[in-house]
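First the structure, in the form of structure tokens, and then the observations on it.
In what follows, chains are A, B, ... by sequence order, proteins preceding strands, each numbered from 1.
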Protein chains: 2
Amino acid sequence: MRIGELSGQTGVKVVTIRFYETQGLLPPPRRTASGQREYTPADVARLRFLRHAGELGFPLSGVRELLGLADAPGTDCDAVHAVAARHLEEVDSRIRRLQAMRRVLKRAVSACEARVVARCPVVETLSDHAYCGEEHALTSRR
Amino acid sequence: MRIGELSGQTGVKVVTIRFYETQGLLPPPRRTASGQREYTPADVARLRFLRHAGELGFPLSGVRELLGLADAPGTDCDAVHAVAARHLEEVDSRIRRLQAMRRVLKRAVSACEARVVARCPVVETLSDHAYCGEEHALTSRR
DNA sequence: GCTTGTCTCTATAGTAACTATAGGATGCAG
DNA sequence: CTGCATCCTATAGTTACTATAGAGACAAGC
């Protein structure tokens, strides 16, 4: 099948498929005489794996590891588990950081709606250095 | 004060301060005869505002808007509220997406630990096209 | 006056994970 | 055979910075 068909079957955009190829996540397929890529059902499976991993937020480096492990004869479940567990921790940490942001933000936005104060609570929150007390919850972002 | 001092007082790295200047978030300061930047206490306040907004996850475009509104004579609280409320929704949405990821991920990782199945649950989760049923919860990332 | 060390300057490139665009070539239906 | 969808490569843009190179500036000590 050609790249458009592969894209349709997997839900991965054509440009992204080519991008995955440059990143070594998808093996370079055979080409027709005119240079067009020709894929097999095995590529569909691999690309679906890629997509699912992407949807679960694995970074491409992690996906690469997972693919390597899944490809190896007799999957090393421990190694796979380690990659996934590490990513789960990362997701947890991102959630915690976002929730900390959310609390501060929600408080300011709500105060704004309540209209009980003279000065804009959002601007105050951002301007006030005392707010830095919240800083502990809002550790380095990313 | 020079840029290093400003950096120390605000916790924003020197390179980041210069970056904010190129992005129009911090006005270009006066320069000494030799070309070094000279800042005032007003710059400290503005940079702290910038840092707080950054910690709350506002995109630079949002920070730009907020700064513009905060600078205007007589803060337009409604406009500020709109920017903040929009960002709050964005944060909420990111949290929801991450939590959906987390559920799927947690299930696979736990199954892995329980060791009740023959094949690696993480690899299964990623390979199984039936998993696409979860797709609704895991909408387009980013 | 000279050296040493820290700070500052500009400009460029790299990060993640794609997306967008330009400018052509190919494949297929009518 | 013409038109349109699809395909090709290569390059640049996105976000919010960080890293690096190579050079100039400032303060202290000798």
request  = Mind checking A:Arg37 for me? I need base, sugar-phosphate or nothing, with any heavy atom below 4.0 Å counting as a touch.
outcome  = sugar-phosphate

ask   = Does a side-chain heavy-atom distance below 4.5 Å link B:His81 with A:Val122?
value = no

message = If I take atom CD in residue B:Glu5 and atom P in nucleotide D:dA27, what distance separates them, rounded to the nearest angstrom?
response = 14 Å

task = Verify the contact: side-chain N or O of B:Lys13 to OP1 or OP2 of D:dT18, cut-off strictly under 4.0 Å; return yes or no.
result = yes

task = Enter the distance from A:Leu56:CG to B:Leu126:CG here, rounded to the nearest 0.5 Å.
result = 6.0 Å

query = Which sits closer to the 5' end of DNA chain D, B:Thr16 or A:Arg18, going by the nucleotide each is nearest to?
reply = A:Arg18

key: Euclidean distance, atom CZ of residue A:Arg64 to atom P of C:dA16 [Å, nearest integer]   = 9 Å

message = Can a donor-acceptor pair be found, under 3.5 Å and without considering hydrogens, that links the side chain of B:Arg46 to the backbone of B:Leu67?
response = no

message = Please report the distance, rounded to the nearest Å, between CD1 in A:Ile3 and C1' in D:dT9.
response = 12 Å

inquiry  = Could you tell me how far apart A:Glu21 (CD) and C:dC18 (P) are, to the nearest whole angstrom?
reply    = 15 Å

query = Say you draw a straight line from CG of A:Asp43 to CZ of A:Arg48; how long is it, rounded to the nearest 0.5 Å?
reply = 12.0 Å

ask   = Can you check whether B:Gly68's main-chain N or O pairs, donor with acceptor, with B:Asp71's side chain at less than 3.5 Å?
value = no

task = Verify the contact: side-chain N or O of B:Tyr20 to OP1 or OP2 of D:dA16, cut-off strictly under 4.0 Å; return yes or no.
result = no

So which protein nitrogen or oxygen atoms get under 3.5 Å of nucleotides 23-30 of chain C's nitrogens or oxygens?
residue	atom	partner	partner atom	Å
C:dT26	O3'	A:Ser34	OG	3.2
C:dG27	OP1	A:Ser34	OG	2.8

Atom-pair distance (CG on B:Leu47; C1' on D:dC17), nearest Å = 14 Å

task = Starting at atom CZ of B:Phe19, determine the distance to atom C1' of C:dC9, rounded to an integer number of angstrom.
result = 18 Å

query = Would you say B:Ser93's side chain and B:Glu89's backbone share a donor-acceptor pair under 3.5 angstrom?
reply = no

query = Any ion pair linking A:Arg86 and A:Glu90 (charged N to carboxylate O, less than 4.0 Å)?
reply = no

message = In this structure, how many angstroms lie between the P atom of D:dC7 and the CG atom of A:Leu6, rounded?
response = 10 Å

key: Side-chain N,O (A:Arg31) to OP1/OP2 (D:dT9) below 4.0 Å   = yes

